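As the structure is a prediction and not an experimental result, all values here were calculated from the model. Chain naming here is simple, since letters A, B, ... match the order of the sequence lines and numbering starts at 1 in each.
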There are 2 protein chains.
Amino acid sequence: MTGIERQTGVALWRQIADEIRAAIGNGDHDDAGRLPTEAVLAARFDVNRHTVRQALAALAREGIVETVQGRGTAIVPRRRVTYPIGPRTRFSAGLGGQVTQAVTHLIGVSQEPASADLAALLHLQAGTPLLKLETLGEADGVPLSRAVHWFDARRFAGLPDAYRLEGSMTRALAACGVPDYVRLSTEISAAPATASDRTDLALQPGAVVLLTRSVNADSEGQPIQASHSRFAADRVSLSVANDRDKPVPGCDK
Amino acid sequence: MTGIERQTGVALWRQIADEIRAAIGNGDHDDAGRLPTEAVLAARFDVNRHTVRQALAALAREGIVETVQGRGTAIVPRRRVTYPIGPRTRFSAGLGGQVTQAVTHLIGVSQEPASADLAALLHLQAGTPLLKLETLGEADGVPLSRAVHWFDARRFAGLPDAYRLEGSMTRALAACGVPDYVRLSTEISAAPATASDRTDLALQPGAVVLLTRSVNADSEGQPIQASHSRFAADRVSLSVANDRDKPVPGCDK
DNA sequence: AGTCATTTGTTCGTATGTATG
DNA sequence: CCATACATACGAACAAATGAC
C-alpha cells in the first residue's frame, strides 16, 4: 500500500509532496538530514521518477528541501514556534525566548452589531455595537497568525488609538482601564488555508491553518473580548499546560 | 479575487469542492439550506459550468450535498463534535451528551525502545522498552480520532489485555493499578491528512487533521502515558476551558 | 591526476486527465 | 455530444555533477 491515489482531482506529484512534507514535519528523516534518492522514492510511491521530481521541485520552491545534482535532496532545517494557551495567554509574551522579536500589527478597524453567538459569549444583547479589530501577528518578520477581536464598542471606544500607540493588546487594554485579563476558554479546530489566509500569512496552496476561538475576561470575570485567530499550522503549534508550576518540554524537535 | 488558482497540482473542480465544503462547514449557506445555482457558482469562481458540476458531483459522492434536477443543490445537515481538553481529559467521557455512543478500538499493540523525546516526556532512560498501543476513537460509528499511546512496558505489561477486556483506557489503567490520572500537557498542531489518516478516519483527499501530543500522569504526578492523537478536523474541534466551574458554550452552530 | 558507481538533470515520445466553448 | 488546448504521468535514454577509491 503506497497511500497515493489516482483520479482524485489531486495530482500525484502534489500528493507525494504533501506526504513528504508531513514526513519531514514528523521528523522521519531527521537521522540522515536528507531524503532518499529519487529512484527510491519513485519505487516507494510506485510512480515514475519524473513525478517524484515534480514533487521535490514543489518542496524546493517552498524552501523545505534543497536538491543538488549528484548529491541528493537535503532537508532545510526549520523549527516551529510553540504558542502556549492558558489562563494568562498573551501573544508577544507567549513567544518570549523562542523568537527575538514578536509584534502585532493592526490591519483593520470597523464596527458591527453583535451576532447572537458573539453576544452570548460577551454577555451582551444581540445587536449591541461591537468594535472589531483585525490584527496580524509576526515573529522575526514571519507572519504567524491573523486574528479578529470583538469588544463592546461603548466600553472600548478608545482601544484602536491605544493599540496603534502601544502596539500590543495587553498595553492597549491597560490604557482602556483593564489592567489585567484572563483567558476564559479556547476552542481549537483546523482547516485548509483559504485564499486570504494564503495572502496574509504567506502560505503555499495546500497549507493548513489552526483556528482558535477564545474569550478573555477582566479581573471581575466579565467577558470583554472575543477573538477568532488563524495560525499558520506549519509554523506554529499550540501548547496547553495543565501543570502550573512545571512546564513540560515540547515534544517537537 | 476568487481564491481558485490554476497549476497548483490540484484540479479546479477539487479546489472548488474544497472551498464549498469549507463554506458549508463555516455555516455560510445555513440561511438558505442550499447552494447557489451552478451558473452563479461558475461566475463566482470564474470557471466553466462543467467544472462546477464536477465539484458538486464530488461533494454529492461525499454525502455533503444532494442535487436534484430542476430544484438545485441542497446541503445535507451535519454537526461537529467538541472534544474538551483539560486536566481530566478522557475520550469517552468528554463526548458525553454530544453523541449517543463513544467507543475506542485497539487496533495495534507493539513494543519499541524509547526515543530520546519520549524518554524525556515519561521521565525514563532513552531505550527503555515502551508498550505502544494504537487506538481508533469512534462516535456513533463514525471514526473521530486515531492515536498512539506509549507506556513503560515494565509497569504496564498487562495493559493490552486489560484494554481488550474493558474497552476503555481509563478502566484499563484502573485495572493496572492507576485509579486516577491527570493530563499534564497538550500540544496541538494541524496538518493535511496523510494517506493512512484517510483510510483509518474515512477522510477525503484534501482533508485536514488536528494533531495533539499529550502526557498523562498518575496521582503522584509521575508521567505514565505519552500520546499522539490525530482528529478528523471536519468532525471534531478541541475546547480548552480555563474556568473550572463555568464551561462556556461552544461558538459553533 | 583518473576511474567508477551513484545521483540528479534533460530531452525525446506517448497516453490520459482537466478545462473550455 | 464534439473539438481543442494544456497539465499530468509514464518510459527510455543520455548528460552532468558528486564523492570515494
State which residues pass side-chain hydrogen bond (donor to acceptor under 3.5 Å, both in side chains) with [X]; sequence neighbours excluded, sorted by chain then number.
X: Glu112(B); value: Trp150(B)
X: Tyr163(B); value: Thr104(B)
X: Arg53(B); value: Glu38(B)

Per the under-4.0 Å heavy-atom filter, residues of residues 48-60 of chain B near DNA chain C come out as Asn48(B), His50(B), Thr51(B)

Partners meeting salt bridge (Lys or Arg N to Asp or Glu O under 4.0 Å) with Arg230(A) (sequence neighbours left out):
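Once residues adjacent in sequence are excluded, the partners of Arg230(A) under the salt bridge (Lys or Arg N to Asp or Glu O under 4.0 Å) criterion are Asp197(A).
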
The salt bridge (Lys or Arg N to Asp or Glu O under 4.0 Å) partners of Arg154(B) (sequence neighbours excluded) come to Asp152(B)

With [X], which residues qualify under side-chain contact (heavy atoms from CB on, under 4.5 Å), at least two apart?
X: Ala11(B); result: Trp13(B)
X: Gln69(A); result: none
X: Pro36(B); result: His29(B), Val40(B), Leu41(B), Arg44(B)

With five pairs defining each end axis, the helix from dG2(C)-dC21(D) to dG21(C)-dC2(D) comes out bent, to 10°, by 30°

With B for base contact, S for sugar-phosphate-only contact and - for none (protein heavy atoms under 4.0 Å), nucleotides 16-21 of chain D reads BBSS--

Please give, in whole Å, the distance from [N] [atom2] to [X] [atom1]?
X: Arg14(A); N: dA7(D); atom1: CZ; atom2: P; answer: 15 Å
X: Gln7(A); N: dT18(C); atom1: CD; atom2: P; answer: 7 Å
X: Ile16(A); N: dT8(D); atom1: CD1; atom2: P; answer: 13 Å

Donor-acceptor pairs under 3.5 Å, side chain of residues 131-140 of chain A to any protein atom, not counting sequence neighbours: which ones?
| residue | atom | partner | partner atom | Å |
| --- | --- | --- | --- | --- |
| Thr135(A) | OG1 | His149(A) | NE2 | 3.1 |
| Glu138(A) | OE1 | His105(A) | NE2 | 3.4 |
| Asp140(A) | OD1 | Thr100(A) | N | 3.2 |
| Asp140(A) | OD1 | Thr100(A) | OG1 | 2.7 |
| Asp140(A) | OD1 | Gln101(A) | N | 2.8 |
| Asp140(A) | OD2 | Thr100(A) | N | 3.4 |

Original post:
Counting side-chain heavy atoms from CB outward, which of dG17(C), dA19(C), dC10(D) is closest to Ala11(B)?
Top reply: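 So the side chain of Ala11(B) is nearest to dA19(C).
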
Compare side-chain N and O positions of Thr67(A) against OP1 and OP2 of dT7(C) and report whether any pair is under 4.0 Å apart.
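So the side chain of Thr67(A) is outside the cut-off, no N or O lying under 4.0 Å from OP1 or OP2 of dT7(C).
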
Examine the side chains of Ser196(A) and Thr194(A) and answer whether a donor and an acceptor come within less than 3.5 Å of each other.
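A pair is found: one side chain offers a donor N or O, the other an acceptor, under 3.5 Å apart.
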
